[in-house]
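Report on one structure; see the data block that follows.
Letters A, B, ... are given to chains in the order of the sequence lines, protein chains preceding strands, and every chain is numbered from 1.
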Amino acid sequence: MIDDQFVPAAFTGEDLACHRGGRLVFAGLDFEVSPGNALVLRGANGSGKTTLLRLMASLARPATGTLFWGGAVVDDPEAHARRLRFVGHLDAIKLAQTVAENLVFWRALWCGPANEKIVGEAMGALGMAHLADFPVRHLSAGQRHRLALARVIAAPAPLWLLDEPGNALDEKSLAALSQMITVHRARGGMVIFASHGAAFVNDSETLDLGQFAATHVSHWSDDL
Amino acid sequence: MIDDQFVPAAFTGEDLACHRGGRLVFAGLDFEVSPGNALVLRGANGSGKTTLLRLMASLARPATGTLFWGGAVVDDPEAHARRLRFVGHLDAIKLAQTVAENLVFWRALWCGPANEKIVGEAMGALGMAHLADFPVRHLSAGQRHRLALARVIAAPAPLWLLDEPGNALDEKSLAALSQMITVHRARGGMVIFASHGAAFVNDSETLDLGQFAATHVSHWSDDL
Amino acid sequence: MEGFLEYLDMGGYAVWVWPAYGLVTTGLVGILAMTLRTLKARQKEFDELKSLRRNPSADGSP
Amino acid sequence: MNAFVILAGRDLRLALRQSGDSLIVVAFFAIATVLFPFGVGPEAAVLARIAVGVVWVTALLAALLSLDRIFAMDFEDGTLDQLVLSGHPLPLVVLAKVAAHWLTTGVPLILLSPILAVTMRLPAAGYGTLILALVLGTPTVSLIGAVGAALVLGTRRGGVLLSLLVLPLYVPVLIFGTAAVEAAIIGRPTEPMLMVLGGLALLALTLSPWAAGAALRQAVE
Amino acid sequence: MNAFVILAGRDLRLALRQSGDSLIVVAFFAIATVLFPFGVGPEAAVLARIAVGVVWVTALLAALLSLDRIFAMDFEDGTLDQLVLSGHPLPLVVLAKVAAHWLTTGVPLILLSPILAVTMRLPAAGYGTLILALVLGTPTVSLIGAVGAALVLGTRRGGVLLSLLVLPLYVPVLIFGTAAVEAAIIGRPTEPMLMVLGGLALLALTLSPWAAGAALRQAVE
Amino acid sequence: MHKFANPTLFMRIANAIFPWAAGLSIVLFTIGVPIALVTSPPDYQQGDTVRILYLHVPSAWSCMMVYGVIASGSAAFLIWRHPMANLVARASAPMGAVFTALALMTGMLWGEPMWGAFWVWDARLTSTLILFFIYLGYLALADAFEDPERGDKAAALLAVVGSVNLPIIHFSVEWWNTLHQPSIISTSGTSVSGAMLAPMLLMVGAFTSYYVAVLILGLRSELLNAKIRNARTSHAAAGQAAE
Ligand code: HEM
Ligand SMILES: Nc1ncnc2c1ncn2[C@@H]1O[C@H](COP(=O)(O)OP(=O)(O)OP(=O)(O)O)[C@@H](O)[C@H]1O
Ligand SMILES: Nc1ncnc2c1ncn2[C@@H]1O[C@H](COP(=O)(O)OP(=O)(O)OP(=O)(O)O)[C@@H](O)[C@H]1O
Ligand SMILES: [Mg+2]
Ligand SMILES: [Mg+2]
């Protein structure tokens with residue numbers, strides 16, 4: 001039912017600030033992504049990339065500031081959730097299921113009837129087609145992460161929020177990731193992702209979270 | 001008591017093969033590391049890097065083949081364990097403890113009496129000194145991984161086995177990792193680590209696990 | 001016939017005696033059948049593997 | 001509705017295949033009940049006297065055991081984040097998970113209870129009512145437990161808190177559940193108690209999905 | 001020896017601070033025992049008759065609840081790998097963890113048991129022996145449980161299996177534990193039963209660290 | 001192939017025994033069942049229910065004997081790493097569980113007419129019930145791992161731990177039972193009269209030889225399974241080496 005709701009629109013945030021554990025992680029942060037664009041979040045460990053992504057997914061609420069979708073305030077978390085796919089540090093994978101079962105479940109839950117073909121394509125796009133009937137418990141670290149990424153293809157949505165998507169991936173998988181982002185953007189999709197490593201995406205904007213750090217403790221100045 | 005047992009010696013393996021879940025992951029694998037050297041394990045996701053590291057740590061037993069330490073067969077897992085530090089995909093960190101408590105515990109368990117100074121140095125080397133009294137629960141992904149790495153410095157041992165040590169690290173932390181490996185090698189220490197990314201270690205040998213793959217199912221040929 | 005019926009009645013204890021014999025028969029025959037079935041399946045799989053082995057492609061194996 | 005089936009279906013399949021949450025409950029229930037005679041002695045009269053109580057109490061404890069994990073596993077592996085992002089109303093998600101929990105723990109408990117009642121020498125007149133009372137009572141147990149389980153997510157003392165929160169709420173179910181069976185044994189009408197059990201179930205059904213849903217949303221924040 | 005203190009010390013601190021494993025056990029024990037009067041009715045005579053049994057059975061179940069996690073958490077977060085690599089003999093590691101488990105679950109149980117015995121109307125003559133029997137019996141419970149917990153690591157059905165494996169092995173402890181208290185109540189000598197309990201504890205102490213250590217090593221492989 | 005030299009010898013002996021065991025079992029059943037069911041007289045006290053005894057005692061005997069086999073096989077596997085010992089244990093377990101279930105069920109079917117209750121907390125009944133739980137635990141554990149080798153080792157450890165415990169459990173339960181003696185009827189006093197002895201011994205022999213015969217079938221099957229696994233992996237390795 002949601003399958004055809006692939007309606008991208010500009011996604012922006014104004015004056016965002018966020019607390020974690022009683023500490024202000026960042027403040028005064030603005031961002032903007034238009035259909036077809038990509039935004040890379042950069043910043044040292046602990047600078048708040050994960051926090052910001054969860055906030056964009058409406059999993060967390062900002063201390064101050066507002067999110068907008070196509071100019072309208074994002075105020076219904078359920079409606080907002082339907083527009084996005086989030087891949088976090090945690091894989092949300094059940095070890096006892098096979099690769100295909102995991103994908104079919106999320107596809108069905110997010111986009112109504114499970115479509116065999118698209119699930120197969122998603123596995124193919126990340127080089128997992130031959131692992132379809134493998135129990136996830138038997139997968140290596142990188143294979144598990146690829147499964148989490150395949151989910152995003154199996155259940156299309158205009159906005160992708162990916163937390164360090166390149167982690168644990170080998171070269172070919174990185175290329176596949178880059179490719180799937182390109183295809184998504186060509187359709188008008190948007191991607192926001194956190195990354196430390198080399199840029200595997202062309203033509204993206206960068207948001208450095210170091211700039212918005214609310215507390216100015218440098219992790220390094222005093223130690224190295 | 002073990003603190004001063006920092007006695008490096010050549011670490012080699014001959015004709016190693018390993019099963020996982022009834023499948024042969026690799027076979028006929030030889031390797032050699034001499035004091036002061038580094039060996040990088042490379043290979044696609046699922047090629048057996050993690051498996052090989054666990055085998056080198058004597059956490060797993062090879063299907064065939066033998067490990068040697070200074071020419072002698074490694075047959076006492078407990079004695080072998082005292083020569084090495086292993087950092088795996090899993091952090092072995094208790095979320096309820098603070099950073100310093102975590103380090104002090106492992107230092108005490110592995111090397112006898114906990115030494116405040118060396119623990120402080122270990123945190124400093126990875127830029128975590130200011131986080132000493134932070135509960136681990138409040139750390140970001142990269143900070144947790146750094147804590148796991150700091151453990152290796154807090155409790156010295158001649159052989160380091162690191163599974164994708166660069167994962168989730170920001171640039172400065174990568175530099176710190178590279179620096180800690182250099183220092184370790186200068187003392188005669190040995191490092192074996194798995195990595196997909198850019199080489200952050202100079203002058204290392206590489207072992208490509210793709211060569212020893214026992215099953216020739218290419219993950220890619222039929223899918224991409 | 002009378003005698004047979006009386007025999008079947010087991011002195012009034014038919015409800016207990018016959019189910020006991022029935023259960024034991026089921027148990028013993030069941031486990032024999034299961035063993036034979038897996039044995040046959042595995043034999044078949046093994047024979048298939050063996051014929052695969054005779055293929056020239058695997059000739060290089062020791 | 002569709003999401004309900006998908007979610008409950010997955011939890012059912014997982015329970016059957018993986019964690020054995022349902023089996024643990026049944027095994028626990030069976031073995032716990034079998035342990036009592038060792039504790040109180042084998043005299044039939046004593047056992048019969050306490051049979052209903054033991055079966056009900058162990059059933060509650062067994063359910064509590066598995067409730068602990070109803071959301072916790074999803075919380076720890078990130079699945080809960082994704083469920084919150086599924087775009088479906090959270091009370092529906094809760095209801096689906098509770099349904100799966102009841103099917104995998106409540107139902108096996110109900111099926112096993114007559115056998116255990118035999119070993120505990122429950123008088124024959126009590127069996128029908130025991131089953132009926134369990135059918136009406138166990139959904140309430142799962143529903144109330146889900147609220148507790150959602151509330152304690154991410155707290156450091158999840159398990160304790162859960163038992164502290166939830167067990168007192170189970171007292172009414174326990175009282176009317178045992179009273180119904182005892183009434184049946186001495187031949188008095190059981191309808192009043194069964195009606196109360198049904199009422200409790202309805203109340204729990206209307207309130208607890210909302211409460212649990214709210215608790216889940218704040219757990220992921 | 002040093003490693004023993006370090007390991008047990010950490011587990012103790014973690015238990016007190018974090019998971020509330022010890023508190024859940026105590027809470028479970030308390031609530032379960034309190035539920036029984038609701039289940040079997042408040043007659044003092046019946047309660048007194050079953051008091052010992054109920055206290056012992058719930059104590060066993062409560063211990064089982066926390067045993068589930070004694071190695072599982074370490075297994076899941078990679079700590080077990082590091083413990084195996086600590087260079088210390090695994091039986092020592094097991095012993096340290098069991099000691100911590102007993103201190104955080106067995107001891108609170110023992111301390112709580114007289115209070116619960118009051119609510120269950122245990123005759124006064126039984127208190128001293130109840131505590132003594134628990135002191136001798138609960139270490140055996142932790143030791144045997146550790147073997148089971150190590151065996152089920154990495155299985156798909158950890159919890160169920162654990163109860164299935166371990167509860168039958170608890171029967172002797174239960175029998176002699178309750179028998180001792182009952183002997184005390186009717187004024188007969190309790191020493192023989194207590195001696196048996198002590199003997200069981202010694203046997204468990206000598207055998208189970210080795211069995212659990214072997215199980216742990218093959219769990220990380 | 002040296003790995004299977006030992007199993008080969010083992011299986012040669014087993015295969016030699018098989019026809020004898022199978023034949024003996026068939027003969028004993030064909031003689032024993034008619035005697036048990038038809039020609040033997042009803043007991044003067046228990047009437048025709050005594051015929052259940054001719055099933056009950058052999059089942060009870062077999063379930064204990066089979067546990068003994070499992071425990072020794074597992075110990076041999078753990079100590080000498082003898083693979084066949086493990087296979088013997090693994091193949092015996094399902095049969096042992098079935099024998100235990102049969103002993104319990106026939107015992108219950110006997111108990112109802114004799115004592116008026118399906119279940120009493122008699123010492124022997126209770127120990128048998130616990131033995132049944134231990135069998136279930138063994139089977140469940142052996143099956144619970146993705147990696148078959150881990151299942152073998154864990155189950156073997158459990159069987160050994162169980163064999164240390166079973167005598168203790170049995171002793172405790174017996175003692176517990178005498179403690180509560182006045183209230184229940186004990187089976188241990190039941191005397192076996194001469195007329196009952198013959199069919200009972202015949203049936204015990206029949207059950208035992210049946211077990212041996214089916215065990216050998218099970219061993220063949222387990223061995224094939226091990227060979228298939230081995231062939232799979234070494235085949236893959238050979239394929240790799242050839243390239
Ligand atoms: C669930 C119920 C029962 C179980 C689990 C059970 C279990 C056993 C066991 C383990 C044995 C030992 C076999 C041996 O020593 O080789 C046995 C033997 C025997 N049982 Fe049962 N039993 C049950 C019910 C009964 C009942 C109801 C009776 C009769 C009143 C009975 C009469 C006997 C007799 C006569 C023997 C063999 C003679 C002897 O060794 O004393 N059993 N049973
Ligand atoms: N527990 C397990 N049971 C069965 N098979 C496993 C298990 N763990 C890993 N495998 C299999 O063993 C192979 C090697 O896995 P391993 O984790 O060593 O790969 P890796 O090289 O470390 O990959 P990555 O780069 O993704 O971390 C994989 O193909 C995987 O499917
Ligand atoms: N659950 C939490 N409770 C309290 N503070 C937290 C929590 N999670 C994270 N923090 C704090 O919030 C800050 C931002 O964390 P976040 O995880 O967003 O960083 P990140 O930029 O994603 O880092 P990394 O690159 O290591 O993943 C960190 O300094 C961390 O200490
Ligand atoms: Mg992060
Ligand atoms: Mg790996």
Side-chain angles (χ1 to χ4, degrees), chain C, chain F residues 25 29 33 36-38 42 46-56 58-59 91 94-95 97-99 101-103 105-114 203 206-207 210-211 213-228 231-232 234-235 237-239 241-243:
Chain C
M1 193 59 203
E2 266 297 290
F4 184 62
L5 279 182
E6 199 190 309
Y7 166 73
L8 280 189
D9 187 46
M10 281 288 158
Y13 291 119
V15 222
W16 315 113
V17 175
W18 292 115
Y21 276 79
L23 279 171
V24 171
T25 313
T26 322
L28 296 189
V29 170
I31 204 151
L32 179 66
M34 254 174 49
T35 312
L36 284 175
R37 218 180 52 195
T38 44
L39 180 63
K40 244 182 230 149
R42 283 174 179 167
Q43 188 71 55
K44 204 174 129 218
E45 194 181 352
F46 184 70
D47 292 343
E48 275 167 14
L49 263 177
K50 239 175 157 174
S51 62
L52 248 179
R53 268 292 178 85
R54 296 219 182 81
N55 266 358
S57 70
D59 250 356
S61 67
Chain F
S25 162
F29 270 121
V33 174
L37 261 181
V38 186
Q46 308 165 17
D48 279 304
T49 55
V50 74
R51 301 188 194 285
I52 300 177
L53 194 103
Y54 306 135
L55 300 178
H56 171 71
S59 314
M95 263 188 286
V98 169
F99 286 138
L102 290 178
M105 290 190 296
T106 51
M108 287 170 80
L109 283 173
W110 199 359
E112 176 65 24
M114 287 297 102
M203 292 300 277
F207 270 60
Y210 167 89
Y211 159 70
V214 179
L215 172 65
I216 293 172
L217 289 180
L219 278 179
R220 283 185 196 163
S221 164
E222 292 284 333
L223 196 65
L224 275 178
N225 195 31
K227 281 185 180 169
I228 291 168
R232 281 262 152 79
S234 59
H235 181 64
E243 278 175 45

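- Looking at C/L36, the atoms closer than 4.5 Å to chain F (heavy atoms on both sides) all sit in the side chain, from C-beta outward.
- When side chains are defined from C-beta on, C/I31 does not count as touching F/F99, because their heavy atoms never get closer than 4.5 Å.
- To the nearest 0.5 Å, the span separating CD on C/E45 from NZ on F/K227 amounts to 14.0 Å.
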side-chain contact (heavy atoms from CB on, under 4.5 Å) between C/F46 and F/L223, worked out: CA-CA 11 Å; C/F46 184 70; F/L223 196 65; over 6 Å; no

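- A donor-acceptor pair is defined here as one N or O able to donate and one able to accept, closer than 3.5 Å; no such pair exists between the side chain of C/R42 and the backbone of F/N225.
- The most heavy-atom pairs under 4.5 Å with chain C, out of F/S59, F/P113, F/P94, F/A101, come from F/P113.
- Here C/E48 contributes atom CD and F/I228 contributes atom CD1; the two are 9.5 Å apart, rounded to the nearest 0.5 Å.
- Taking OG of F/S221 as the start and NZ of C/K40 as the end, the distance is 12.0 Å to the nearest 0.5 Å.
- Residues F/Y210 and C/L32 come closest through the heavy atom pair OH-N, 3.7 Å.
- Looking at F/V214, the atoms closer than 4.5 Å to chain C (heavy atoms on both sides) sit in the backbone and in the side chain alike.
- For the side-chain contact (heavy atoms from CB on, under 4.5 Å) test with C/Y21, the passing option among F/L109, F/L55, F/T106 is F/L55; the others fail.
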Evaluate F/L102 against C/L28 for side-chain contact (heavy atoms from CB on, under 4.5 Å), listing each step before the verdict. CA-CA 9 Å; F/L102 290 178; C/L28 296 189; 4.2 Å; yes

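- Note that the OG1 atom of C/T38 and the CG atom of F/L217 stand 9.0 Å from one another [nearest 0.5 Å].
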